[in-house]
Amino acid sequence: MATIIDGKLLAKKLNEDTKTNVNKMKKQGVIPCLAVIIVGNDQASKRYVRSKHKKAEQLGIKSIVKELPEETTETELLKVLNEYNHNNDINAILIQSPLPKHINEKYIMGQINPKKDVDGFQIINSGKLFLNEAENYPVACTPKGIMKMLNEYNIELVGKKAVVIGRSTIVGRPMAALLINAGAEVSVINHYANVSDYTKNADIIVSATGKLHTVTKNDVKQGATIIDVGQNLDETGKLVGDVDYQEVYEIAGYITPVPGGVGPMTISTLMTQTVELTKWSDSL
Ligand code: GUN
């Protein structure tokens, strides 16, 4: 039976630290500010943005949420973004993905001021991650939160075999880079692969496909660490991950639950990174 990696508990601790940090900054006259831009009516995105806003306010971070209608043009969105890029009161900018189809998401994400790029998706910050630069720069919040969980549970990475399932900008690619930088031997696979061929010998599996049953008990080696980024609804409408949790739990060494695993860590990392961007820009 696996040890459950309690993302909810770790996120709570990190949020308490963030709140303390924010209070100290406020005493020096600095209030970290996160601006989130959401375009359109995607209900899951709206839910995520509401939780980000709520958490920021709980921690004393100023939160701006700009909701733009589905028919917003790329030019109109750029105008808002440029305003935020140049507004000295805003330290961190997040444009909620996915954007409506008529907007070139890659292009828009590339226009975020790299010093305010709280997602770390901007080309300069992605490049620094890829090159394993030592300086301070933002990194995608979900993979960065996962690294904090692995560290908290003292999970060895050097020389270990890690498999990342999914190659998205938000999770798969930055996750692979962080694991490579930490000394793991990393395979990145997608839906064309036979998952088991790769995962059967893996010490660490990160699944970020958004598909039920991506990882089953037949895909996992005894004692492996299983990180489940998926947020899916099962046949009964219950929130579950990509991993067949109950059966994999019996074999794994460590496993993240859904809910209560990766999700809360993403938000808490977004908050710490907002504070970090503020500190880096103000050289506090
Ligand atoms: N949509 C789902 N997850 C994320 C995220 O981490 N950042 C952004 N910008 N959009 C998302």
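Sequential numbering from 1 along the given sequence is applied to the chain's residues. Excluded from the calculations below are hydrogen atoms, water molecules and symmetry mates; all remaining heavy atoms, backbone and side chain alike, are included.
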Check whether any side-chain heavy atom of [X] sits under 4.5 Å from a side-chain heavy atom of [Y], and report yes or no.
{"X": "I226", "Y": "Y254", "value": "no"}
{"X": "M265", "Y": "K8", "value": "no"}
{"X": "Q273", "Y": "C141", "value": "yes"}
{"X": "C33", "Y": "I61", "value": "no"}
{"X": "K66", "Y": "V80", "value": "yes"}
{"X": "V275", "Y": "V22", "value": "yes"}
{"X": "T266", "Y": "I146", "value": "no"}
{"X": "T225", "Y": "Y153", "value": "no"}

Is the backbone N or O of [Y] less than 3.5 Å from a side-chain atom of [X], with the two atoms forming a donor-acceptor pair by type?
{"X": "N87", "Y": "D89", "answer": "yes"}
{"X": "H53", "Y": "V49", "answer": "no"}
{"X": "S51", "Y": "R47", "answer": "yes"}
{"X": "Y137", "Y": "K128", "answer": "yes"}
{"X": "D203", "Y": "K161", "answer": "yes"}
{"X": "D117", "Y": "F121", "answer": "yes"}
{"X": "D242", "Y": "T209", "answer": "yes"}
{"X": "T199", "Y": "A202", "answer": "no"}
{"X": "N15", "Y": "A11", "answer": "yes"}
{"X": "E74", "Y": "N104", "answer": "yes"}

Should [X] and [Y] be counted in the same cluster of Ile, Leu, Val, Met, Phe, Trp and Tyr side chains packed under 4.5 Å apart?
{"X": "V139", "Y": "I170", "answer": "yes"}
{"X": "V195", "Y": "V220", "answer": "yes"}
{"X": "I5", "Y": "M175", "answer": "yes"}
{"X": "I4", "Y": "V248", "answer": "yes"}
{"X": "I180", "Y": "I165", "answer": "no"}

Do [X] and [Y] have side-chain N/O donor and acceptor atoms under 3.5 Å apart?
{"X": "S63", "Y": "K54", "value": "no"}
{"X": "Q43", "Y": "K46", "value": "no"}
{"X": "T272", "Y": "T18", "value": "no"}
{"X": "D234", "Y": "T236", "value": "yes"}
{"X": "K19", "Y": "Q58", "value": "no"}
{"X": "E247", "Y": "T216", "value": "no"}

Tell me whether the count of non-hydrogen atoms from other residues, nucleotides or ligands lying under 6.0 Å of [atom1] in [X] goes above 12.
{"X": "L9", "atom1": "CG", "value": "yes"}
{"X": "Y198", "atom1": "OH", "value": "no"}
{"X": "K148", "atom1": "NZ", "value": "yes"}
{"X": "H102", "atom1": "NE2", "value": "yes"}
{"X": "N88", "atom1": "CG", "value": "no"}

What are the two closest non-hydrogen atoms of [X] and [Y], and how far apart are they?
{"X": "W280", "Y": "P138", "answer": "CZ3-N, 3.8 Å"}
{"X": "L150", "Y": "I227", "answer": "CD2-CD1, 4.0 Å"}
{"X": "E71", "Y": "E76", "answer": "O-OE1, 4.4 Å"}
{"X": "G60", "Y": "K26", "answer": "O-NZ, 2.9 Å"}
{"X": "G120", "Y": "N125", "answer": "O-CB, 4.0 Å"}
{"X": "I267", "Y": "K52", "answer": "CD1-N, 4.3 Å"}

- [ ] Apply side chain to side chain contact (heavy atoms under 4.5 Å, CB included) to Y84 and I64, showing your working.
- [x] CA-CA 10 Å; Y84 289 180; I64 296 169; 3.7 Å; yes
The residue among I90, L81, N85 that forms side-chain contact (heavy atoms from CB on, under 4.5 Å) with N113 is N85
Using the rule given for side chain to side chain contact (heavy atoms under 4.5 Å, CB included), can you reason through Q111 versus Q122, listing the C-alpha separation, both sets of side-chain angles and the distance that settles it, and then say yes or no? CA-CA 8 Å; Q111 299 308 305; Q122 218 272 352; over 6 Å; no
Spacing of [X] atom [atom1] and [Y] atom [atom2] [to the nearest 0.5 Å]:
{"X": "M109", "Y": "S97", "atom1": "CE", "atom2": "OG", "result": "5.0 Å"}
{"X": "I124", "Y": "I112", "atom1": "CD1", "atom2": "CD1", "result": "12.5 Å"}
{"X": "E83", "Y": "L78", "atom1": "CD", "atom2": "CG", "result": "12.0 Å"}
{"X": "L179", "Y": "E185", "atom1": "CG", "atom2": "CD", "result": "12.0 Å"}
{"X": "L34", "Y": "K55", "atom1": "CG", "atom2": "NZ", "result": "13.5 Å"}
{"X": "I108", "Y": "I95", "atom1": "CD1", "atom2": "CD1", "result": "6.0 Å"}

task = Go through the structure and list residues passing side-chain contact (heavy atoms from CB on, under 4.5 Å) with N154, not counting sequence neighbours.
result =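 So N154 forms no side-chain contact (heavy atoms from CB on, under 4.5 Å) with any residue.
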salt_bridge([X], [Y]) N-O dist < 4.0 Å:
{"X": "E57", "Y": "K62", "answer": "no"}
{"X": "E250", "Y": "K217", "answer": "no"}
{"X": "K144", "Y": "E276", "answer": "yes"}

**OP:** Tell me, with the steps shown, if V164 and S187 meet side chain to side chain contact (heavy atoms under 4.5 Å, CB included).
**Re:** CA-CA 6 Å; V164 178; S187 304; over 6 Å; no
Which pairs would a plain distance check flag for residues 256-263, meaning a side-chain donor or acceptor within less than 3.5 Å of a matching protein atom at least two apart in sequence or in another chain?
{"unit_1": "T256", "atom_1": "OG1", "unit_2": "D228", "atom_2": "N", "d": "2.8"}

(message) Quick one, V206 with V163, criterion side chain to side chain contact (heavy atoms under 4.5 Å, CB included). Give me CA distance, side-chain angles, the key distance, then yes/no.
(response) CA-CA 6 Å; V206 179; V163 176; over 6 Å; no
